[in-house]
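First up is the structure itself, then whatever we jot down about it.
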Amino acid sequence: MTSTGHARTAAIAIGAATLTVLGALLVGGSGDVSASPSPEPRVQDAFDPLGPEVRAVKLDSGRTAHYTDQGPRDGRPVLYIGGTGTSARAAHLTDFFRSTREDLGLRFISVERNGFGDTEFDEDLGKADFAEDALAVMDRLKVHDFSVVAISGGGPYAAELAAKAPGRVSALHLAAALPPYGARPAFCDLSDEALAAAVRDQIKDPRKWWAFPDDSAVKSIPGFADTAYEEGARTYNQRGQRSDPAPQVHEQRLYCERPGPDLSALDAPVHLYAGKNDTTVPPATLETWRRELPGTPKVRTYDDSGHDVQYRHWDQILVDLAGHGERTVVCKGGHTRVLVAREADRLVAKGSATLGSCAWTARK
């Protein structure tokens with residue numbers, strides 16, 4: 001055999017050996033095709049939620065209400081009323097403490113307001129119509145008694161609902177909530193055209209509408225900003241309205257209505273929350289609420305917050321909603337505790353604990 005023949009034979013032999021090795025690797029790492037397979041991987045049996053689902057229901061009034069409903073059906077029901085310019089999905093912005101909400105057995109329901117998100121705009125509707133729709137949704141869900149939590153521009157709607165059905169409101173929680181009492185906001189003197197011009201650019205760009213200061217606590221929440229921008233886009237573009245300012249202008253006009261509703265028939269505990277650095281709904285509005293509310297509300301004010309207090313201290317609001325208003329959420333020694341208020345105050349005063357979940361300090 002020539003040297004060329006020897007080389008060709010050797011190459012064929014090497015190729016066959018390589019195929020044998022590759023075959024063994026493909027079978028499972030050895031030449032034994034009967035080797036045991038790797039442990040069976042786990043795949044979940046149910047979907048993980050991507051946030052609350054918006055549902056629609058035709059009401060006896062002829063209007064279509066859009067709402068979300070999340071949490072255990074037998075949980076403690078809470079009507080969540082978001083700030084101005086938010087959709088029925090706004091409660092999703094509080095899901096950074098979803099595990100706590102679920103552990104506390106809270107069921108969150110949110111009803112969308114006129115002209116936002118999926119809900120058609122009707123310039124003839126007011127705050128009383130929202131209260132009527134929210135109560136009708138609760139009836140459809142077979143929920144009679146419920147707590148209310150309202151933030152920012154949700155305050156006037158919460159007052160309207162509490163005045164309309166005081167016997168159904170088991171507790172009222174107002175976080176940096178605008179009161180429909182006292183002096184009218186300065187923007188009330190503007191024309192509709194001027195109001196539209198003032199908000200048009202903001203609602204076109206949710207990054208402007210949902211802008212928080214650089215030192216805001218929400219900056220430490222993973223994904224909060226992007227979720228807020230998605231919420232802003234949904235609120236003003238969901239039905240193809242292309243950021244029409246008319247619903248926003250209409251809502252701000254409703255904020256100018258005086259006097260607000262009579263709350264004297266409300267017989268339920270009330271919690272007020274305020275950030276001492278809030279320039280949008282200043283802490284002075286607490287006194288405005290106090291004058292209109294029967295009884296003595298429980299007030300929580302925070303040195304570390306501005307108009308983001310509803311997020312920075314959402315952990316405490318959840319605990320209060322669950323009926324533990326005598327306790328305070330603190331971080332002590334790297335672990336979150338929910339202590340009797342007197343003990344929590346003592347530890348915070350000593351500097352050995354801070355207010356709120358340890359998640360806030362862990363993200364710094």
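Every value quoted in this text rests on a predicted model; they were computed, and no experiment measured them.
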**Message:** Please check this pair: side chain of Asp315 against backbone of Gly356, looking for a donor-acceptor N/O pair closer than 3.5 Å.
**Reply:** no
Notebook entry, point to check: Can a salt bridge be assigned to the pair Asp133 and Arg113 using a cut-off of 4.0 Å between side-chain N and carboxylate O?
Noted result: no
To the nearest 0.5 Å, atom NE2 of His144 lies from atom CG of Leu141 at 14.0 Å
For Thr64, the side-chain contact (heavy atoms from CB on, under 4.5 Å) test, sequence neighbours excluded, returns Ala56, Lys58, His66
### Query
Does Gln238 reach the main-chain N or O of Gly117 with its side chain, forming a donor-acceptor pair under 3.5 Å?
no
Applied to residues 199-218, the ring-ring contact (aromatic ring centres under 6.0 Å, His included) test, sequence neighbours excluded, yields Trp209-Tyr236
Looking only at heavy atoms, the pair that brings Gln310 and Ala175 closest together is CB-CB, 3.8 Å
- Between Thr227 and His92, is any side-chain donor less than 3.5 angstrom from a side-chain acceptor? no
Check your understanding: Honestly curious: do Val54 and Val143 fall in one hydrophobic cluster under the side-chain, below-4.5 Å linking rule?
Key -> no
Under a side-chain separation threshold of 4.5 Å, the hydrophobic residues clustered together with Leu50 are none
To the nearest 0.5 Å, atom CD1 of Ile203 lies from atom CZ of Arg200 at 8.0 Å
Value for CG (Leu79) from OG (Ser147), rounded to nearest 0.5 Å, stands at 10.0 Å
Applied to residues 254-284, the ring-ring contact (aromatic ring centres under 6.0 Å, His included) test, sequence neighbours excluded, yields His173-His271
side-chain contact (heavy atoms from CB on, under 4.5 Å) filter on Asp145, not counting sequence neighbours, yields Arg168
Across all chains, not counting sequence neighbours, the side-chain contact (heavy atoms from CB on, under 4.5 Å) partners of Glu53 are Arg55
Query raised in the report: Is the number of heavy atoms from other residues, nucleotides or ligands under 6.0 Å of Arg337 CZ greater than 12?
Result: no
Between Leu104 and Leu318, the two heavy atoms sitting closest are CD1-O, 3.6 Å
task = Determine, stepwise, if the pair Asp244 / Phe121 fulfils side chain to side chain contact (heavy atoms under 4.5 Å, CB included).
result = CA-CA 10 Å; Asp244 179 5; Phe121 175 53; 5.6 Å; no
### Task
Report yes if some heavy atom in the side chain of Trp289 is under 4.5 Å from a heavy atom in the side chain of Val299; otherwise report no.
no
query = Is a donor on one side and an acceptor on the other found under 3.5 Å between the side chain of Gln316 and the backbone of Ser357?
reply = no
Is it the case that one hydrophobic cluster holds both Val218 and Leu93, taking links as side-chain heavy atoms less than 4.5 Å apart, direct or via other members?
-> yes
For residues 344-355, dump all side-chain donor-acceptor pairs below 3.5 Å to protein atoms at least two apart in sequence or in another chain.
| from | atom 1 | to | atom 2 | distance (Å) |
| --- | --- | --- | --- | --- |
| Arg346 | NE | Glu343 | OE1 | 3.1 |
| Arg346 | NH2 | Glu343 | OE1 | 3.4 |
| Arg346 | NH2 | Glu343 | OE2 | 2.7 |
| Ser352 | OG | Leu347 | O | 3.3 |

Tell me whether Phe108 is reachable from Ile221 by hopping between hydrophobic residues (I, L, V, M, F, W, Y) whose side-chain heavy atoms are closer than 4.5 Å.
yes
When you measure from the side chain of Arg107 to the backbone N and O of Val78, does any donor-acceptor pair fall under 3.5 Å? no
Residues 279-288 vs side chain to side chain donor-acceptor pair (under 3.5 Å), sequence neighbours excluded, gives Glu287-Arg290
Pairs under 3.5 angstrom only: tabulate donor-acceptor contacts from the side chains of residues 153-164 to other protein residues two or more places apart or in another chain.
| from | atom 1 | to | atom 2 | distance (Å) |
| --- | --- | --- | --- | --- |
| Tyr157 | OH | Glu251 | OE1 | 2.6 |

Q. Do Ile317 and Leu339 share a hydrophobic cluster (ILVMFWY, side-chain heavy atoms under 4.5 Å, transitive)?
A. no
- Is it true that Phe96 and Leu321 fall in one hydrophobic cluster, defined by side-chain heavy atoms closer than 4.5 Å? yes
Please check if any side-chain donor atom of Thr86 sits under 3.5 Å from a side-chain acceptor atom of Glu231, or the reverse. no
Glu257 meets the side-chain hydrogen bond (donor to acceptor under 3.5 Å, both in side chains) criterion, sequence neighbours left out, with Lys127
With sequence neighbours left out, the residues meeting side-chain hydrogen bond (donor to acceptor under 3.5 Å, both in side chains) with Arg73 are Asp69
Of all heavy-atom pairs linking Thr301 and Lys276, the shortest is OG1-CE, 3.6 Å
Exercise. Spell out, as yes or no, whether a donor-acceptor pair under 3.5 Å connects the side chain of Asp95 to the backbone of Arg98.
Key: no
Taken in chain and number order and not counting sequence neighbours, the residues that satisfy side-chain contact (heavy atoms from CB on, under 4.5 Å) with Ser305 are Tyr302, Asp308, Val309, Arg312, His313
Is there a side-chain contact between Pro49 and Gln70 (heavy atoms, below 4.5 Å)?
-> no
Validation row: Phe130, Val111 side chains within 4.5 angstrom (heavy atoms) = yes
Can the positive tip of Arg291 be found less than 6.0 Å from the middle of the six-membered ring of Tyr181, inside 45° of the ring normal?
no
Q. Hey, are Arg300 and Asp320 close enough for a salt bridge, meaning a charged N less than 4.0 Å from a carboxylate O?
A. yes
